[in-house]
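Have a look at the structure below before the remarks.
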Amino acid sequence: QVQLVESGGGLVQAGGSLRLSCAASGRTFRTSAMGWFRQAPGKERDIVAAISWSGSSIYYADSVKGRFTISRDNAKNTMYLQMNSLKPEDTAVYYCAARSARYYHTQQNEYNYWGQGTQVTVSS
C-alpha cells in the first residue's frame, strides 16, 4: 500500500514558479514509477509528467515541455514537479500518482495509488 500527499500548490502570477512535492509512504516507492496529472475545471484529468523508478526515463506532455521538470529523491520517498513560466492555462488541481511497476505509463488507469490533489491557480 502506498499513501501519497501533495503539497506546494497555491496562487501565482503568470510567469511565476511553483514547486510541487509528493511525499510517499511505504517501502515500494523506490521501485514505483510515478506521475503528475492535472485536472482543470470541466476537463478530463491529463498527464503532465512521469518518471521511472530510477529517474532515468522521463515523459512530459507537450504543453509543459521546457517549463516543467519532474524529479524524485528515493532516499526521501519524495517526487517533485518544478513549474516555471506558469501560464493561466496551467490552472488545475494537480495529482501525484504511483504505479505498481518500474516504468511509467501515460494512461491514468495504469496508476494504482493517488494523492488528494493540490490546487494551482495562475492569474493573468
Side-chain angles (χ1 to χ4, degrees):
Q1 191 79 352
V2 177
Q3 292 184 322
L4 304 173
V5 179
E6 302 98 336
S7 61
L11 173 64
V12 64
Q13 289 188 332
S17 298
L18 284 175
R19 189 194 197 201
L20 304 184
S21 298
C22 174
S25 65
R27 293 177 290 178
T28 58
F29 175 84
R30 300 179 184 189
T31 58
S32 297
M34 301 290 295
W36 286 101
F37 292 77
R38 67 186 181 187
Q39 187 168 21
K43 296 187 176 180
E44 294 184 351
R45 187 161 59 184
D46 292 324
I47 189 166
V48 175
I51 188 167
S52 66
W53 68 283
S54 65
S56 62
S57 183
I58 287 175
Y59 168 87
Y60 293 104
D62 288 343
S63 58
V64 306
K65 279 181 182 176
R67 300 188 298 122
F68 290 11
T69 302
I70 189 172
S71 62
R72 65 189 297 162
D73 185 338
N74 286 348
K76 296 182 178 180
N77 275 18
T78 303
M79 176 179 66
Y80 305 97
L81 186 68
Q82 178 66 45
M83 305 186 295
N84 298 329
S85 302
L86 282 161
K87 304 175 181 180
E89 52 263 44
D90 294 318
T91 295
V93 177
Y94 284 70
Y95 299 90
C96 71
R99 186 171 189 238
S100 298
R102 290 179 181 262
Y103 294 95
Y104 66 76
H105 203 289
T106 58
Q107 298 299 315
Q108 61 176 313
N109 59 7
E110 292 287 337
Y111 289 79
N112 306 94
Y113 304 100
W114 291 83
Q116 82 289 351
T118 185
Q119 176 71 46
V120 171
T121 302
V122 184
S123 64
S124 57

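The figures that follow rest on heavy atoms only: side chains count, while hydrogens, waters and symmetry mates do not. Start at 1 with the first residue, then count along the sequence.
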Seminar exercise, completed: Residues Tyr80 and Asp73: closest non-hydrogen pair is CE1-CB, 4.1 Å

Exercise. Can you name the closest pair of heavy atoms from Ser124 and Ala14 and give their distance?
Worked result: CA-CB, 4.4 Å

Exercise. Looking at OG1 of Thr78 and CZ of Arg72, how far apart are the two atoms once the value is rounded to the nearest 0.5 Å?
Worked result: 10.0 Å

Problem set entry | Asp46 backbone acceptor or donor facing Gln108 side chain under 3.5 Å | no

Exercise. Roughly how far, to the nearest 0.5 Å, is CE of Met83 from OG1 of Thr69?
Worked result: 11.0 Å

Problem set entry | Backbone of Ser54 reached by a side-chain donor or acceptor of Asn74 within 3.5 Å | no

Exercise. Going hydrophobic residue to hydrophobic residue with side-chain gaps under 4.5 angstrom, can you get from Trp53 over to Phe29?
Worked result: no

Exercise. Hey, quick one: are Leu20 and Val93 part of the same hydrophobic cluster, counting side-chain heavy atoms closer than 4.5 Å, chains of contacts allowed?
Worked result: no

For this session: Could you check Asn77 against Arg30 for side-chain contact (heavy atoms from CB on, under 4.5 Å), going step by step and ending with a plain yes or no?
Result: CA-CA 7 Å; Asn77 275 18; Arg30 300 179 184 189; 3.9 Å; yes

For this session: Determine, for Asp62 against Lys65, whether the closest basic-nitrogen to carboxylate-oxygen distance falls under 4.0 angstrom.
Result: yes

Problem set entry | Nearest heavy atoms of Gly117 and Glu6, plus distance in Å | N-OE1, 2.9 Å

For this session: Heavy atoms only: give me the nearest Tyr59-Ile47 pair and the separation to one decimal.
Result: CE2-CG2, 3.8 Å

Exercise. Parallel under 30°, tilted from 30 to 60°, perpendicular over 60°: which one fits the rings of Phe68 and Tyr94?
Worked result: tilted

Problem set entry | Qualifying residues under side-chain hydrogen bond (donor to acceptor under 3.5 Å, both in side chains), relative to Gln119, sequence neighbours excluded | Thr121

For this session: Could you check Val48, Leu86, Leu81 and say which one makes a side-chain contact (heavy atoms from CB on, under 4.5 Å) with Val64?
Result: Val48

For this session: Could you tell me how the ring of Trp114 sits relative to the ring of Tyr95: parallel (under 30°), tilted (30 to 60°) or perpendicular (over 60°)?
Result: perpendicular

Problem set entry | Closest heavy-atom pair and its distance - Gly35, Tyr111 | N-CE2, 3.8 Å

For this session: Would you indicate whether Gln3, at its atom CD, is surrounded by more than 12 heavy atoms from other residues, nucleotides or ligands within a distance under 6.0 Å?
Result: no

Problem set entry | Minimum heavy-atom distance Asp90-Ser85, with the two atoms named | OD2-O, 4.4 Å

Exercise. Would Ile70 and Met34 count as a side-chain contact (heavy atoms from CB on, under 4.5 Å) if you check the C-alpha gap in whole Å, the side-chain angles of each, and the deciding distance to 0.1 Å?
Worked result: CA-CA 10 Å; Ile70 189 172; Met34 301 290 295; 5.7 Å; no

For this session: Only pairs at least two apart or in different chains count here, so list each side-chain hydrogen bond (donor to acceptor under 3.5 Å, both in side chains) that has a residue in residues 12-21.
Result: Ser17-Asn84

Exercise. Which disulfide bond (SG atoms under 2.5 Å apart) pairs, counting each pair once, include a residue from residues 70-124, with sequence neighbours left out?
Worked result: Cys22-Cys96

Exercise. Would you say the side-chain atoms of Ser52 pair up with the backbone N or O of Tyr104, donor to acceptor, closer than 3.5 Å?
Worked result: no

Exercise. Taking the side chain from Arg99 and the backbone from Ala33, do they hold a donor-acceptor pair closer than 3.5 Å?
Worked result: no

Seminar exercise, completed: CH2 (Trp36) and CE (Met79) are apart, to the nearest 0.5 Å, by 4.5 Å

Exercise. Do Leu4 and Ile51 share a hydrophobic cluster (ILVMFWY, side-chain heavy atoms under 4.5 Å, transitive)?
Worked result: yes

